[in-house]
Amino acid sequence: MLVSNGYIIKEFGSIDEVYDYIHKEVGKHNLSYKKVYDHTENEIRVVIFQYHTLYIEVFIIHENYELRSI
């Protein structure tokens, strides 16, 4: 299981580890945030969080490094 966030790609063994990583990342700034988008299509899940400052974090959850072929 892979998670892309900006230029960073991390690999995890389970979806629970993925969720833990994402919540740790959005929570590290100590700003309030909420999930504003969550969509899965063709084995790719895109989750977008928005902070109260209007800045957004985009996480792409996928199985393969090559996203163009999906």
Practice task
Treat each ILVMFWY residue as a node, draw an edge where side-chain heavy atoms are under 4.5 Å apart, and state whether I15 and Y21 are in one component.
Solution key: yes
Exercise for the section: Supply the atom-to-atom distance I56 CD1 to Y51 OH, rounded to the nearest 0.5 angstrom. Expected result: 10.5 Å
Exercise for the section: Is it possible for you to say whether V47 and Y19 belong to one hydrophobic cluster, with membership spreading through side-chain heavy-atom contacts below 4.5 Å? Expected result: yes
Exercise for the section: Examine V36 and V3 and state if one hydrophobic cluster contains both, with Ile, Leu, Val, Met, Phe, Trp and Tyr joined whenever side-chain heavy atoms are less than 4.5 Å apart. Expected result: no
Practice task
Start with the C-alpha distance between L31 and Y55, add both sets of side-chain angles, then the distance that settles side-chain contact (heavy atoms from CB on, under 4.5 Å), and finish with yes or no.
Solution key: CA-CA 11 Å; L31 298 171; Y55 182 79; over 6 Å; no
Practice task
Please assess Y33 against E57 for the test side-chain contact (heavy atoms from CB on, under 4.5 Å), listing each intermediate value before the final yes or no.
Solution key: CA-CA 10 Å; Y33 63 89; E57 290 277 359; over 6 Å; no
Handout entry: Joint cluster assignment, I22 & I9, ILVMFWY side-chain distance < 4.5 Å
Key = no
Problem - Closest heavy-atom pair and its distance - K35, D38 - result: NZ-OD2, 3.2 Å
Exercise for the section: Report the distance from atom CD of E43 to atom NE2 of H62, rounding to the nearest 0.5 Å. Expected result: 12.0 Å
Problem - Polar side-chain atom of N5 near backbone of V58 as donor-acceptor pair, under 3.5 Å - result: yes
Problem - Evaluation steps, side-chain contact (heavy atoms from CB on, under 4.5 Å), between F12 and D20 - result: CA-CA 10 Å; F12 297 94; D20 288 344; over 6 Å; no
Completion exercise
dist I61:CD1 -> I44:CD1 (nearest 0.5 Å) comes out at 11.5 Å
Problem - Minimum side-chain heavy-atom gap M1-E63 below 4.5 Å - result: yes
Completion exercise
S32 meets the side chain to side chain donor-acceptor pair (under 3.5 Å) criterion, sequence neighbours left out, with H52
